[in-house]
2 protein chains.
Amino acid sequence: MQATFPAEPQMSATAEEEAYRHVQRALRFGRYKPGDRLIPEEIAAEIGMSRMPVREAFRRLASDGLVVLRPNRGCVVAGLTVDELYEIFEIRSVLEGLAVRLAMPRIDEEEFEELDRLLERMERAGQSGSSDWVVRHQEFHGRICALSRRPKLIHQISALHAVIEPYMRIWFDDCDKPHSAREEHAAVIAALRSGDELQAEKVMQDHILSTAPILAEFVSPSR
Amino acid sequence: MQATFPAEPQMSATAEEEAYRHVQRALRFGRYKPGDRLIPEEIAAEIGMSRMPVREAFRRLASDGLVVLRPNRGCVVAGLTVDELYEIFEIRSVLEGLAVRLAMPRIDEEEFEELDRLLERMERAGQSGSSDWVVRHQEFHGRICALSRRPKLIHQISALHAVIEPYMRIWFDDCDKPHSAREEHAAVIAALRSGDELQAEKVMQDHILSTAPILAEFVSPSR
DNA sequence: TTGATGATACGTGGATACAAAAATACTTTA
DNA sequence: TAAAGTATTTTTGTATCCACGTATCATCAA
């Protein structure tokens, strides 16, 4: 329903939808910096529509936490404080932990091979320095979430990914190594293979929480 | 930021905000039934404004999952399937579980007394058959969540409460007894007093999951 | 009677226009 | 020169307007 997790087909039907996707995409790719003002008229001109659908899109983006809307003061790109970033990772940890737990019974051998493939692709993207490591990484997490077969859960997790994506990109661009990502994700797969749902849930939680402090380096220090 | 959890002060600044609160309130109190169409013009007339702010409010309400917006087909009150209801309770269980875990270190004796008071109030409302048992119940959960001091977490949980509130009201109206609610909530307090964070988290999770099947009786059978 | 077909009315999405508020630049004065 | 107040320009918030899509209902054929 929203927030391109691994990928999203579906042609935009309404102008509002188009504006929503357009701005969301721009935000996720870091085209605007936190604090930047988004001027409805400019964006409307970019996509060739009037301000109205753009304004409506802003409401949804604000609900997603991607922008902040203040009365009579317009729309500014949301920035995260360190606290907020940690909070998002705490929430992600329990949500994706739940997803893993629910996904486990659904994973057969074929699916394990797919996960291995995704891990491999992520690794290759990481080594080649290509910044679609971020995309691959989300693809991996997204695949597991999808297996939980819980639309609302998937939706919420994907919204959180959208919020942190810009920081993931900065992180990746800054230090070329995707750190110990390979082992961590391999551990998730291993835990899934073990068949112990609670154990797998915990491994995913730990994995997510472990990356929070790393990303925290990249949020603007004070505000 | 949204979704009246225990209560919400703050006068509405913009017309959109007013429309949002107005419709949300109506939905939570069950004034409209699932499947009902919400016609912007009518609602606009009710509050004395034009359709535009109402339409914008619809976008947010759709993000909250309270209504469904389909292109060229307007705004319809969202209804829950049994699956969706269970899913919401699964999500609530991990989210409120997290909230309990994070809240625990913040609770002092004074706070425990407050929780006891809230439990007592909920009980009284339940016995008097007053339907603000639902409000008291949310107040209780909301208090614990608030203690976690995590704004986004609180926001998400409160949004989920808003979605299920109509069903809680139907449940309460239908069978006058608030079932074993008292014991369940007392157990949460007891677990909090024990000081074992993981135990308290689990008690809250179990409490929430246990009410799902009861409420499931009240969602429209098929669709 | 039932199912297809077309006309009509209603509602939605989007654009434009206008008023109010905020931000900015400018002038005046101490 | 700096500060304060004023005027101008932007930009936001809301209302009105128009074109198109959808649903409803009546008509007609099977």
Side-chain angles (χ1 to χ4, degrees), chain A residues 1-2 10-27 31-79 223, chain B residues 1-2 10-27 31-79 223:
Chain A
M1 188 169 284
Q2 174 239 29
Q10 188 178 168
M11 218 15 208
S12 61
T14 72
E16 187 273 346
E17 184 70 18
E18 193 182 340
Y20 177 76
R21 290 182 194 281
H22 177 92
V23 177
Q24 191 197 50
R25 197 179 149 83
L27 290 170
R31 188 178 133 196
Y32 304 109
K33 299 273 161 272
D36 283 1
R37 284 182 62 182
L38 295 183
I39 293 150
E41 211 147 20
E42 289 179 9
I43 292 163
E46 272 178 36
I47 348 183
M49 66 180 66
S50 87
R51 289 163 33 203
M52 205 56 61
V54 177
R55 279 182 48 116
E56 291 180 20
F58 283 173
R59 299 284 178 197
R60 275 209 283 166
L61 292 164
S63 257
D64 297 342
L66 292 173
V67 302
V68 176
L69 241 39
R70 294 216 318 263
N72 289 321
R73 202 158 299 191
C75 180
V76 299
V77 178
R223 188 197 154 58
Chain B
M1 188 173 283
Q2 175 237 28
Q10 188 178 166
M11 220 12 210
S12 61
T14 71
E16 186 273 345
E17 184 72 17
E18 195 183 339
Y20 177 77
R21 290 180 194 279
H22 178 90
V23 178
Q24 192 197 49
R25 196 179 150 83
L27 290 170
R31 189 179 132 195
Y32 303 109
K33 299 273 162 271
D36 284 0
R37 281 184 65 181
L38 296 183
I39 292 149
E41 205 146 20
E42 289 178 10
I43 293 163
E46 272 178 36
I47 349 183
M49 65 179 66
S50 88
R51 288 165 33 199
M52 205 56 63
V54 177
R55 281 185 43 175
E56 292 180 19
F58 282 173
R59 299 283 177 197
R60 273 208 284 166
L61 292 164
S63 257
D64 297 343
L66 292 173
V67 301
V68 175
L69 242 38
R70 291 208 329 252
N72 290 321
R73 205 161 299 190
C75 181
V76 178
V77 177
R223 182 185 164 63

Take the protein atom [atom1] of [X] and the nucleotide atom [atom2] of [N], then report the distance between them rounded to whole Å.
X	N	atom1	atom2	answer
Glu56(A)	dG14(C)	CD	C1'	9 Å
Ile39(B)	dA23(D)	CD1	P	13 Å
Glu41(A)	dG13(D)	CD	P	13 Å
Glu16(B)	dT14(D)	CD	P	8 Å
Met52(A)	dC18(C)	CE	P	14 Å
Arg70(A)	dT11(D)	CZ	C1'	15 Å
Asp36(B)	dG11(C)	CG	P	14 Å
Leu69(B)	dG14(C)	CG	P	11 Å

OP1 or OP2 of dG13(D) less than 4.0 angstrom from a side-chain nitrogen or oxygen of Arg55(A), does that happen here?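 Answer yes for this pair, as a side-chain N or O of Arg55(A) is under 4.0 Å from OP1 or OP2.
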Looking at Arg73(B), does any N or O in its side chain come under 4.0 Å of the phosphate oxygens OP1/OP2 on dA23(D)? yes
Please tell me which of the listed nucleotides, dT12(D), dA23(D), dT12(C), lies nearest to the side chain of Arg37(B)? dT12(C)
Ignoring the backbone of Asn72(A), work out which of dT22(D), dA15(D), dG13(D) is nearest its side chain. dG13(D)
Mind checking whether Val76(B) and Arg70(B) have side chains closer than 4.5 Å, heavy atoms only?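 Val76(B) vs Arg70(B): side chains apart.
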Do the side chains of Arg60(B) and Glu16(B) get nearer than 4.5 Å, heavy atoms only?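 Heavy-atom side-chain distance check passes, below 4.5 Å.
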For a quick check, tell me whether the side chain of Arg51(B) and the base of dG11(C) share a donor-acceptor pair closer than 3.5 Å. no
Under-4.0 Å salt bridge between Glu46(B) and Arg25(B):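 Between Arg25(B) and Glu46(B) there is no salt bridge, as every charged N stays at least 4.0 Å from the carboxylate O atoms.
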Run Tyr32(A) and Val67(A) through side chain to side chain contact (heavy atoms under 4.5 Å, CB included) and show every step you take. CA-CA 11 Å; Tyr32(A) 304 109; Val67(A) 302; over 6 Å; no
DNA chain C: Ala15(A) or Pro71(A), which has the more 5' nearest nucleotide? Ala15(A)
Among Val23(A), Leu38(A), Leu61(A), which one satisfies side chain to side chain contact (heavy atoms under 4.5 Å, CB included) with Val77(A)? Leu38(A)
